[in-house]
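Accompanying notes for the structure given below.
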Amino acid sequence: SQQGEEDPQALSIQEGENATMNCSYKTSINNLQWYRQNSGRGLVHLILIRSNEREKHSGRLRVTLDTSKKSSSLLITASRAADTASYFCATDLNTGTASKLTFGTGTRLQVTL
Amino acid sequence: GAVVSQHPSWVICKSGTSVKIECRSLDFQATTMFWYRQFPKQSLMLMATSNEGSKATYEQGVEKDKFLINHASLTLSTLTVTSAHPEDSSFYICSARPPFGGYTFGSGTRLTVV
């Protein structure tokens with residue numbers, strides 16, 4: 001079953017603006033990851049935040065994690081047209097024998113000039 | 001960095017035929033690989049976990065006789081869609097975990113069944 005719910009489902013902003021996407025999940029996790037997917041392509045790993053971390057930065061990306069609320073957010077600052085893509089959160093669940101990724105519903109980001 | 005190669009990138013097949021998709025880890029050994037399916041504008045749904053030298057573990061609702069998974073070596077897992085039907089048309093993506101952590105994804109295979 002789907003682990004994470006993301007909102008908004010779609011987001012349209014102008015270049016230079018910030019984009020914020022939110023992810024909620026249901027069970028305890030080892031870590032939470034964010035991925036980007038250009039239309040019809042594979043996934044690109046953006047950032048990983050562990051369950052004992054609250055905030056992480058990577059370039060124009062800022063990720064927060066609130067394990068008490070089982071939620072995470074991805075902020076892209078100073079967006080560019082090239083940031084147009086779908087963004088997915090994914091939770092790494094330790095099932096005991098092996099971990100596996102479960103993806104959220106995704107946010108389609110459109111950055112216009 | 002760790003690379004996973006997936007082939008073919010796209011395939012069109014006739015209804016009733018079988019299609020094989022390959023997933024290779026190029027610079028690391030992968031005892032476990034994962035197969036996902038993605039319908040248009042939807043998220044990735046885990047289909048099964050492929051285990052080298054043993055049977056794959058399928059997620060609930062995924063027909064193991066329809067989606068045959070073979071992981072015969074530490075660098076290759078294959079997914080065969082048997083007796084494909086138009087509703088099997090989808091984007092299939094594999095991934096693997098390199099020894100140093102994280103997940104690496106293949107570029108995906110777009111299957112169209114006509």
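Chain naming here is simple, since letters A, B, ... match the order of the sequence lines and numbering starts at 1 in each. Side-chain atoms are counted along with the backbone in the values below, which use heavy atoms only and exclude waters and symmetry mates.
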Exercise. Between Phe105(B) and Gln37(A), does a side chain to side chain contact (heavy atoms under 4.5 Å, CB included) hold up when you go through it step by step?
Worked result: CA-CA 11 Å; Phe105(B) 285 80; Gln37(A) 183 183 37; over 6 Å; no
For this session: Check the pair Ile93(B), Leu43(A) against side chain to side chain contact (heavy atoms under 4.5 Å, CB included), reporting the backbone distance first and the verdict last.
Result: CA-CA 9 Å; Ile93(B) 308 176; Leu43(A) 274 75; 3.7 Å; yes
For this session: Evaluate side chain to side chain contact (heavy atoms under 4.5 Å, CB included) for Tyr36(B) paired with Leu101(A), printing each intermediate quantity in order.
Result: CA-CA 10 Å; Tyr36(B) 293 84; Leu101(A) 279 184; 3.4 Å; yes
For this session: Output, in order, the C-alpha distance, side-chain angles, deciding distance and verdict of side chain to side chain contact (heavy atoms under 4.5 Å, CB included) for Arg97(B) and Lys100(A).
Result: CA-CA 9 Å; Arg97(B) 295 199 73 186; Lys100(A) 60 181 181 180; over 6 Å; no
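Follow the hydrophobic side-chain contacts under 4.5 Å out from Leu75(A) and you never reach Ile49(A); the two are in separate clusters. Leu109(A) and Leu61(A) fall within a single hydrophobic cluster, where Ile, Leu, Val, Met, Phe, Trp and Tyr are joined by side-chain heavy atoms under 4.5 Å apart, directly or via other members.
In the displayed structure, Lys55(B) atom NZ is contacted under 6.0 Å by at most 12 heavy atoms of other residues, nucleotides or ligands. The environment of Arg50(A) atom CZ is sparse: at most 12 non-hydrogen atoms of other residues, nucleotides or ligands sit within 6.0 angstrom. In Lys20(B), the NZ atom is not crowded: 12 or fewer heavy atoms of neighbouring residues, nucleotides or ligands sit closer than 6.0 Å. Heavy atoms from other residues, nucleotides or ligands lying under 6.0 Å from CD of Glu17(A) number more than 12.
When heavy atoms are compared at a cutoff of 4.5 Å, Arg108(A) approaches chain B solely by way of its side chain, counted from C-beta outward. Contact annotation for Leu48(A): neither backbone nor side-chain heavy atoms come within less than 4.5 Å of a heavy atom of chain B. Looking at Gln6(B), there are no atoms closer than 4.5 Å to chain A (heavy atoms on both sides), in backbone or side chain. Heavy atoms of Gln33(A) lying under 4.5 Å from chain B belong exclusively to its side chain. For Tyr103(B), the parts sitting under 4.5 Å from any heavy atom of chain A are the backbone and the side chain alike.
The distance from atom OG of Ser9(B) to atom CZ of Arg41(A), rounded to the nearest 0.5 Å, is 9.5 Å. Within the model, atoms OG of Ser86(A) and CD of Gln38(B) stand 7.5 Å from one another, a figure rounded to the nearest 0.5 Å.
Checking side-chain atoms of Ser43(B) against main-chain N and O of Gly106(A) turns up no donor-acceptor pair under 3.5 Å.
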